[in-house]
Amino acid sequence: MTAVRSWTGHDGGSGGTAHRPARATGDDTAHPPRRDPESAADARELVSAMTLTFSGQSSVSVYETARLVGLAPWLTHHVERIAYLLAAQRPDGTWGGPEGYALVPTLSATEALLTALRRGDAAWLREARAAERLTRAVDSGLHVLYTRLTGPAGPELPDLPATDLTVPALVDSLNAHLDALRADPLPGLAAWRDARALPLPSGLDSARLDRVRALLTAGRPLPEKLLHALEVGGPAAHRAAEVAPVGPGTVGASPAATAAWLGVPVPGAGVSAAVSYLEDVARQQGGPVPCATPITVFERAWALSTMSRAGIALPVPPRLLAGLVATVGPAGTATAPGLPADADTTAVTLYALARLGRPVGPDSLWGYDTGEHFCTWQGEDGASVTTNAHVLDAFGWHLGHRAPGDARLAAVVRRLTGWLVERQHPDGRWSDRWHASPYYATSCAVLALAGYGRGAGVTGSVARAAGWVLTGQRADGSWGRWGGTVEETAYAVHALHAAGPAAPAGVGAALGRARRYLATMDGRDGEPALWHDKDLYRPAVIVRAAVVAAHHLVRAGAGDGTAERPANRTPPLISAA
């Protein structure tokens, strides 16, 4: 995730004259706005969601919710957070996503429930034998963690942000609990009295965590990007020097980081703002919380760029566009209040503004140029395919529409094209650190290359990608990494549609099957969380925009403009209330 921004005030919902998308020329993936009542209605709903729900909409996180259970028992809806964790545990004792995605949330939930049990929180739960239920959940969590961490090599850990900090911090805390249980065993957990310490997964150590804690203890500033995971600092995070709430009262756009900084809310600088932020976040979904909030600019930039790129005429209030313009500074657009600007959010914001008739020059992106590729932020470990695809979108649009003779832009477009082509897997797909599904990364890369790529390898690269997508379609017309999903099917539709003449035979039939799947399964696929943060999450408006755009594209492909409405269309994302 590279999200969350903008503190320019609440945007007016519907006042003023709406901007219409700019018509692109020389852009293979840009579709002139086409009259489509179904898409127009969906677009209006999403724009309303973005303007009326200022902080943005994101699914709740087991990891983050569990951190609040441990750190902030005083916070409103504490009991509901414990109940959420108990209900979210699977029969095998794990929490979270499939494969390696279960480790971080299982560590977090097990540690939090053990903290609550030892603290006596069971007395607050409104059910009989609550302590026994907490004990069973902790016991199951410990069993699965010992199996995972001490047994044969398990699933590979995914590249989630701050995993090299969160996992060592959670293992350290659980081992401290186990030490305490040796001296004072709890009923139902006596079997763990003689348990040996939990080890770290293969390939991880505590060296980076130790350095972070040493900086906090010495009162020295942390790199700004680390504030999002300040909770790993333990006691040293409490009112850490050089750290203060910003924006709405958040530290690092994270409820857990804010709670770790705050501790017990005794009076002090920034305390009232931090308490207000946490209370607001806790109330939004009745207790459980997301990994990051607010996600305002992330949500708006991604949703608007996706729908405008598909050719949907968007009734965007001028104040919303002005708010996006205001977020772009010399270093670009920040991921969140209290976090550094990043190239991904900057690029998508610039691209959305350009397509919607409010272009801003891309000069702020040059600071992320490593000479080979563009880093997401300064000091990034590794590189992101989707960030570089989005940077290619932004530079490519300006090269084609504003500065066709700019040699520097032409050179960087060719370089980014080559970099993306080189990182394509042999089977034709791409993968990336910001999303669990290769269909998202492949869609981003194909859209950028087909629309703005320059070089001899573009056509072949796009054709290989389209071939990989085509062979991955399931019998029901869907696509998905672990199972068919509406979100991943939307990304596959975008990639196949963008491939155009480079696509292999059979694309028309595949899009027809996808159209039928989207029409019948929209809102019925379980809406899995597939985006990377400290835990997997689902940015609801962004995903819905991708699906709306896919509906629009397959309706256009059907040629009738009146294809069937989804049989079980999802309810509005917001209500007038």
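All values below were derived from every heavy atom in this structure, side-chain atoms included, with hydrogens, water molecules and symmetry-related copies excluded.
Residues Thr346 and Gly332 share a closest heavy-atom pair of OG1-CA, 3.4 Å. Nearest heavy atom pair, residue Val47 against residue Pro317, reads CG1-CD, 3.6 Å. Summarising the geometry of Ala282 relative to Val289, their closest heavy-atom pair is CA-CG1, 4.1 Å, with the distance given to 0.1 Å. Between Ala352 and Leu304, the closest heavy-atom pair is CB-CB, 4.4 Å. A pairwise comparison of heavy atoms in Ala43 and Leu314 identifies CB-CD2, 3.6 Å as the closest pair. Annotation for Val469 and Ala492: closest pair CG1-CB, 3.7 Å, computed over non-hydrogen atoms.
With values rounded to the nearest 0.5 angstrom, Leu350 atom CG is found 10.5 Å from Thr345 atom OG1. Taking NE2 of His494 as the start and SG of Cys444 as the end, the distance is 10.0 Å to the nearest 0.5 Å. Atom NE2 in His390 sits 12.0 Å away from atom CG in Leu365 (nearest 0.5 Å). The OG1 atom of Thr53 sits 7.5 Å away from the CD atom of Glu299 when rounded to the nearest 0.5 Å. Thr333 OG1 to Phe298 CZ: the interatomic distance, rounded to the nearest 0.5 Å, is 13.5 Å. To the nearest 0.5 Å, the span separating CG on Leu324 from CG on Leu356 amounts to 8.5 Å.
Here the side chain of Gln424 pairs a donor or acceptor atom with the backbone of Gly428 at under 3.5 angstrom. Listed for the Arg414 side chain is no donor-acceptor partner under 3.5 Å among the backbone atoms of Ala410. A donor-acceptor pair under 3.5 Å links the side-chain atoms of Thr163 to the main chain of Leu160, judged by distance alone. With Ser48 contributing its side chain and Arg44 its backbone, the two residues share a donor-acceptor pair below 3.5 Å. At distances below 3.5 Å, at least one donor-acceptor pair connects side-chain atoms of Ser59 with backbone N or O atoms of Arg538. A donor-acceptor contact shorter than 3.5 Å is absent between the side chain of Arg544 and the backbone of Leu46. Under a 3.5 Å cut-off, the side chain of Ser305 and the backbone N or O of Trp302 do form a donor-acceptor pair. Although no hydrogens or angles enter the test, the distance criterion places no donor-acceptor pair under 3.5 Å between the side chain of Ser364 and the main chain of Ala331. Although no hydrogens or angles enter the test, the distance criterion places no donor-acceptor pair under 3.5 Å between the side chain of Arg516 and the main chain of Gly477. Formation of a donor-acceptor pair under 3.5 Å by the Thr296 side chain with backbone atoms of Gly56 is not found in this model.
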*Test side chain to side chain contact (heavy atoms under 4.5 Å, CB included) on Trp434 and Thr387 and set out the steps.*
CA-CA 9 Å; Trp434 294 117; Thr387 292; 3.9 Å; yes

*asked:* As a quick check of understanding, evaluate side chain to side chain donor-acceptor pair (under 3.5 Å) for Asp432 and Ser384, giving each step before the final call.
replied: CA-CA 6 Å; Asp432 191 56; Ser384 165; 3.0 Å; yes

_Step-by-step salt bridge (charged side-chain N to carboxylate O under 4.0 Å, His left out) determination, Glu380 to Arg433_ = CA-CA 12 Å; Glu380 179 184 23; Arg433 66 191 333 178; 2.8 Å; yes

*For Glu38 and His551, what are the C-alpha separation, side-chain angles and deciding distance, and is it a side chain to side chain contact (heavy atoms under 4.5 Å, CB included)?*
CA-CA 9 Å; Glu38 306 287 2; His551 275 300; over 6 Å; no

*For side chain to side chain contact (heavy atoms under 4.5 Å, CB included), just list the numbers for Ser478 and Met521, CA-CA rounded to whole Å, side-chain angles, deciding distance to a tenth of an Å, and then say yes or no.*
CA-CA 9 Å; Ser478 70; Met521 290 301 294; over 6 Å; no

_Criterion side chain to side chain donor-acceptor pair (under 3.5 Å) on His552 and Asp42, from CA distance to verdict_ = CA-CA 10 Å; His552 181 77; Asp42 288 334; over 6 Å; no

*List the steps and the verdict of side chain to side chain contact (heavy atoms under 4.5 Å, CB included) for Arg474 and Thr489.*
CA-CA 10 Å; Arg474 297 171 181 270; Thr489 300; over 6 Å; no

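Between Trp397 and His401, the ring planes lie parallel to each other; the angle is under 30°, not in the 30° to 60° tilted range. Using cut-offs of 30° and 60° on the angle between ring planes, the pair Trp531 and His435 is perpendicular.
Proximity of Trp430 to Trp468: side-chain heavy atoms (C-beta onward) are nowhere separated by under 4.5 Å. Gln284 is listed as a side-chain neighbour of Ser55, based on a closest heavy-atom distance under 4.5 Å. Side-chain contact check for Tyr452 versus Leu447: every heavy-atom pair is 4.5 Å or farther apart. The closest side-chain heavy-atom distance from Val412 to Phe374 is below 4.5 Å. Looking only at side-chain heavy atoms (C-beta outward), Trp366 and Arg408 come within less than 4.5 Å of each other. The shortest distance between side-chain heavy atoms of Val104 and Asp535 does not fall below 4.5 Å. Considering only heavy atoms from C-beta on, Pro248 stays 4.5 Å or farther from Asp280 through its side chain. Taking 4.5 Å as the limit, every side-chain heavy atom of Leu536 sits out of range of all side-chain heavy atoms of Leu530.
Looking at Ser254, Pro288, Pro290, Pro105 one by one, the single match for side-chain contact (heavy atoms from CB on, under 4.5 Å) with Glu64 turns out to be Ser254. When each of Trp482, Tyr537, Tyr63 is checked for a ring-ring contact (aromatic ring centres under 6.0 Å, His included) with Tyr101, only Trp482 meets the rule.
Between the side chains of Asp406 and His398, no donor-acceptor pair of N or O atoms lies under 3.5 Å.
Comment: Asp369 engages Arg415 in a salt bridge, judged by a side-chain N to carboxylate O separation of less than 4.0 angstrom. Ion pair Asp427/Arg429 flagged as a salt bridge, since at least one NZ, NE, NH1 or NH2 atom sits closer than 4.0 Å to an Asp/Glu carboxylate oxygen.
A ring-centre distance under 6.0 Å is not found for His532 and Tyr440.
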